[in-house]
Amino acid sequence: MQLSSEASQRFARISAHLHSPNLQKMEESSLLRRENCRAKGGAPGFKVAILGAAGGIGQPLAMLVKMNPLVSVLHLYDVVNSPGVAADVSHMDTGAVVRGFLGQPQLESALTGMDLVIIPAGVPRKPGMTRDDLFKINAGIVRTLCEGIAKCCPHAIVNLISNPVNSTVPIAAEVFKKAGTYDPKRLLGVTNLDAEVLGIDPRDVDVPVVGGHSGVTILPLLSQVKPACTFTADEINYLTDRIQNGGTEVVEAKAGAGSATLSMAYGAAKFADACLRGLRGDAGIVECSFVASQVTELPFFASKVRLGRGGAEEVFPLGPLSEYERFGLEKAKKELVESIHKGISFIRK
Ligand SMILES: NC(=O)c1ccc[n+]([C@@H]2O[C@H](COP(=O)([O-])OP(=O)(O)OC[C@H]3O[C@@H](n4cnc5c(N)ncnc54)[C@H](O)[C@@H]3O)[C@@H](O)[C@H]2O)c1
Ligand SMILES: O=C(O)C[C@H](O)C(=O)O
């Protein structure tokens, strides 16, 4: 086939590149150039690491974060399979430079220089288990990963997904306190999935879901729903139960194959995007998250927070509660105090 002169020149240029003796150096320099590229709109791109990136949440989350124009570098870390996930995701034609890191020896390289670290590492529930049943395995995983964060990217914002969140966030806080790097504004438990099981189009409704992330600690404030509407007592009981047990519904439906992964990856990607827009300095970024808090007498609590350059820069109070919600709040706090104490004493023991 006779190539046109322009096509043959282009072919010659590509062939010269592919056969160039310093191809690897050229590729690295182009990756470095992209790494420092400006995100859309001229702001610097952010560097994000996912720890547990080969998991049921980690893989779709990696894909969704790779699609985020605010991300210039994406590090995918796991103890298995992360090089393959990185190779796969790197073929997406979006801006972020993707690298894979495998196992403890590569944890520090995965973390160094990161702006945001998302942690879905750890085992999920099987039917009949509570999230607290995951503590004995996941507590140690979260401790080790957070020790790496304290050493390699102490100023990164941390999005903690690993359950039991009501205990893993206190664990992370204690690790950071021991390392002298603790900034309560930069440690956020991911609980936004709870608000998306209302059974109505979540794009049309906003309900603050406060407290924690397990059973009765998940407290939807239906009296504060926007747009405003009133529910009957039966509807309030039904909706509250659906939201508190949304995760368990998925665990039972998956019948041993795990818990929410695709919906969690979506929720976590949205939450990470909110954190990055806050880091960029956007105003009015408000999400619910399990954070260090003075909203109640407990040291940690989930409520609406305003995300900014410093992380959760403002923690909002609960606002007016119905009698049903005040009762639910006392039940939530009773369980939460135990979970928080369990996390803290795991490190302080
Ligand atoms: N916060 C929430 O709303 C929410 C929602 C869903 C799931 N979860 C929790 O997220 C966690 C992950 O769930 P999943 O379905 O993705 O599980 P999964 O088993 O599919 O994936 C977990 C991944 O973590 C990795 N991993 C294990 N030990 C590790 C370590 N030391 N360092 C790095 N990676 C490690 C595994 O290799 C695996 O790839 C579970 O604890 C689950 O309960 C939380
Ligand atoms: O339910 C689980 O165990 C996973 C997660 O916490 C969820 O709410 O989906």
Side-chain angles (χ1 to χ4, degrees), residues 49-62 75-86 100-108 110-111 117-149 158-169 171-172 188-197 209 211-215 217-218 220 242-254 256-272 287-291 302 339:
I50 299 174
L51 312 183
I57 295 170
Q59 291 201 38
L61 177 58
H75 283 182
L76 302 178
Y77 173 83
D78 205 308
V79 291
V80 290
N81 303 333
S82 37
V85 178
F101 299 86
L102 180 63
Q104 184 71 28
Q106 297 186 9
L107 177 60
E108 294 192 9
L111 287 169
V117 181
I118 311 171
I119 309 179
V123 295
R125 283 199 286 170
K126 293 193 180 308
M129 290 174 78
T130 67
R131 292 178 181 83
D132 187 53
D133 289 335
L134 306 175
F135 185 96
K136 48 188 175 303
I137 295 178
N138 291 349
I141 293 171
V142 168
R143 175 179 55 194
T144 304
L145 296 177
C146 289
E147 286 166 350
I149 293 168
V158 177
N159 287 179
L160 234 177
I161 297 173
S162 313
N163 271 317
V165 168
N166 293 351
S167 299
T168 53
V169 168
I171 287 172
L188 298 107
V190 181
T191 60
N192 62 330
L193 182 57
D194 299 327
E196 296 176 3
V197 287
V209 180
H213 181 67
S214 76
T217 72
I218 299 171
R242 279 297 313 278
I243 293 167
Q244 289 180 341
N245 294 298
T248 303
E249 277 179 23
V250 176
V251 170
E252 286 168 1
K254 288 197 172 184
S259 53
T261 51
L262 303 172
S263 52
M264 185 65 256
Y266 172 72
K270 269 186 22 177
F271 190 76
E287 293 284 345
C288 279
S289 178
F290 187 69
V291 294
S339 306

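All values below were derived from every heavy atom in this structure, side-chain atoms included, with hydrogens, water molecules and symmetry-related copies excluded. Counting starts at 1 for both ligands and their atoms, following the listed order.
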NZ/NE/NH1/NH2 to OD/OE distance under 4.0 Å, Glu287 and Lys270: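 No, Glu287 and Lys270 are not salt-bridged.
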Looking only at atom types and distance, does a side-chain atom of [X] sit under 3.5 Å from a main-chain N or O of [Y], one as donor and one as acceptor?
| X | Y | value |
| --- | --- | --- |
| Asn163 | Arg131 | no |
| Tyr77 | Gln104 | yes |
| Asn81 | Ala54 | no |

Say whether [X], considering both its backbone and side-chain N or O atoms, lies within less than 3.5 Å of an N or O atom on ligand 1.
| X | result |
| --- | --- |
| Gly122 | yes |
| Ser162 | no |
| Val165 | no |
| Asp78 | yes |
| Leu134 | no |
| Ile161 | yes |
| Ala260 | no |
| Ile57 | yes |
| Ser259 | no |

Numbered atoms and elements of ligand 2 in range of Ser259, under 4.0 angstrom, heavy atoms: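 Those atoms are 2 (C), 3 (O), 4 (C).
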Residue-ligand contact Val250/ligand 2, heavy atom below 4.0 Å: no
Contact check, Met264 vs ligand 2, heavy-atom distance below 4.0 Å: no
Minimum non-hydrogen distance to atom 6 (O) of ligand 2, winning option of His213, Lys254, Gln244: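 Closest candidate by heavy-atom distance is His213.
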From Gln59, Arg125, Arg143, His213 - option closest to atom 3 (O) of ligand 1 by heavy atom: His213
Is [X] touching ligand 1 with its side chain, its backbone, both, or neither, if touching means heavy atoms under 4.0 Å apart?
| X | value |
| --- | --- |
| Ala121 | both |
| Thr144 | neither |
| Thr261 | side chain |

Sub-4.5 Å side-chain heavy-atom contact between Val209 and Thr191: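 Heavy-atom side-chain distance check fails, nothing below 4.5 Å.
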Distance filter under 4.0 Å to Val190 heavy atoms, resulting ligand 1 atoms: 1 (N), 2 (C), 3 (O)
Residues forming a ring-ring contact (aromatic ring centres under 6.0 Å, His included) with Phe101, sequence neighbours excluded: His75
